[in-house]
Amino acid sequence: MKKFLLGAAAALLALPSTGSAQERPAGWQRQEPSLPPISVFHSTQSANLPTAETLGRGEWLFEISHRFQPPVSAGAAALWGLDGPVVNRLALAYGASDRAMVGLVRSNLSDNVELGAKVRLAEGGRQAVPFALAAAAGVAWNTELPDVDGFRDNETQAYAQLIVNALPADRLAVGIVPTLLRNPRVADAGPPTVLVLGLNGQLYVTDEMSFLAEWVVAGEREGLEHDAGSFGIELETGGHFFKLLLGNSTRMNPTQFLAGTPHAFAPDGWRLGFNVTRLLVF
């Protein structure tokens with residue numbers, strides 16, 4: 001009898017539990033893949049304007065960018081602008097989460113040092129027009145200004161941005177970046193806060209190569225009479241972004257290029273530039 005009861009118990013344990021098997025599949029079975037996050041632009045920035053893209057949690061991004069000060073129109077005497085000198089920008093950003101990143105940026109123009117952050121707010125439109133929203137803000141210090149009245153007490157600047165990106169066509173990304181910019185011109189006493197509008201677009205010819213353009217409607221101010229515009233080519237490979245650019249501004253840090261440029265957007269005012277970024281995952 002004892003042997004019979006033990007055999008019956010073993011047989012019951014061997015039977016599948018139909019209810020639990022239908023409710024939860026075995027752990028080794030392949031699950032349906034989740035949808036990837038919506039990505040409008042590939043890079044976290046255009047030529048200068050930010051996009052709604054952020055780094056992944058724990059990722060680092062290193063950037064080195066140059067804008068050559070002589071114009072291309074200087075011709076062979078200045079190697080079409082490549083003889084320099086240059087405005088240099090170095091930046092390091094960190095993905096605090098999959099939706100937020102912080103960064104430290106320095107330009108040798110007035111030794112402008114900026115601490116900034118960007119947060120991805122929302123995305124949607126997967127079945128219609130994909131879009132992404134983000135917000136960015138930063139505070140900058142100009143640590144090398146002329147030692148004259150009006151400068152030394154006015155070295156800080158700040159900005160706050162809403163970033164709206166959309167993909168109206170399969171390979172065409174567009175962005176609009178309304179910005180509040182405090183103290184656009186550090187020589188002015190009683191620094192104002194002004195509204196600046198950034199516009200950018202990118203046409204992805206292949207997964208690795210695209211054309212980009214941007215324009216910043218800044219308003220006219222003394223010494224910065226013109227809006228800043230840029231256009232060029234972006235090459236993407238192996239965690240790198242290479243941007244080769246032409247534009248009428250040598251200013252790159254947000255509180256600087258958003259304020260405008262002294263050069264007109266015409267061939268005589270175009271300067272060469274490039275951005276190189278490298279994604280670092282430890």
Can you tell me how the ring of His240 sits relative to the ring of Phe242, calling it parallel under 30°, perpendicular over 60° and tilted otherwise? parallel
Could you name each residue pair satisfying salt bridge (Lys or Arg N to Asp or Glu O under 4.0 Å) that touches residues 43-68, not counting sequence neighbours? Glu53-Arg120, Glu63-Arg89
Over 60° means perpendicular and under 30° means parallel, so classify the ring planes of Phe68 and Phe274, tilted if in between. tilted
Pairs involving residues 166-184, ordered by first then second residue, that meet salt bridge (Lys or Arg N to Asp or Glu O under 4.0 Å) (sequence neighbours left out): Arg171-Asp207
Spatial distance of atom CD (Gln256) from atom OG1 (Thr250) [nearest 0.5 Å]: 9.0 Å
CD-CG distance between Glu214 and Asn48, expressed to the nearest 0.5 angstrom: 4.5 Å
Between Tyr159 and Glu114, do the side chains contain an N or O donor and an N or O acceptor separated by less than 3.5 Å? yes
Tell me, do Asn165 and Phe41 make a side-chain contact under 4.5 Å, heavy atoms counted? yes
Which pairs pass side-chain hydrogen bond (donor to acceptor under 3.5 Å, both in side chains) with one or both residues in residues 69-83, sequence neighbours excluded? none
Verify side chain to side chain donor-acceptor pair (under 3.5 Å) between Asn108 and Asn88, making sure each step is shown before the conclusion. CA-CA 6 Å; Asn108 65 342; Asn88 179 59; 5.7 Å; no
Please confirm whether the ring centroid of His226 lies under 6.0 Å from the ring centroid of Phe265. no
Measure the CG-OG distance between Asn275 and Ser65 for me, rounded to the nearest 0.5 Å. 3.5 Å
Heavy-atom side-chain proximity of Val87 to Ser107 below 4.5 angstrom: yes
Nearest-0.5 Å distance, OG of residue Ser46 to NZ of residue Lys243: 7.0 Å
In Å, rounded to the nearest 0.5 Å, how long is the span from CZ of Phe257 to CG of Asp227? 12.5 Å
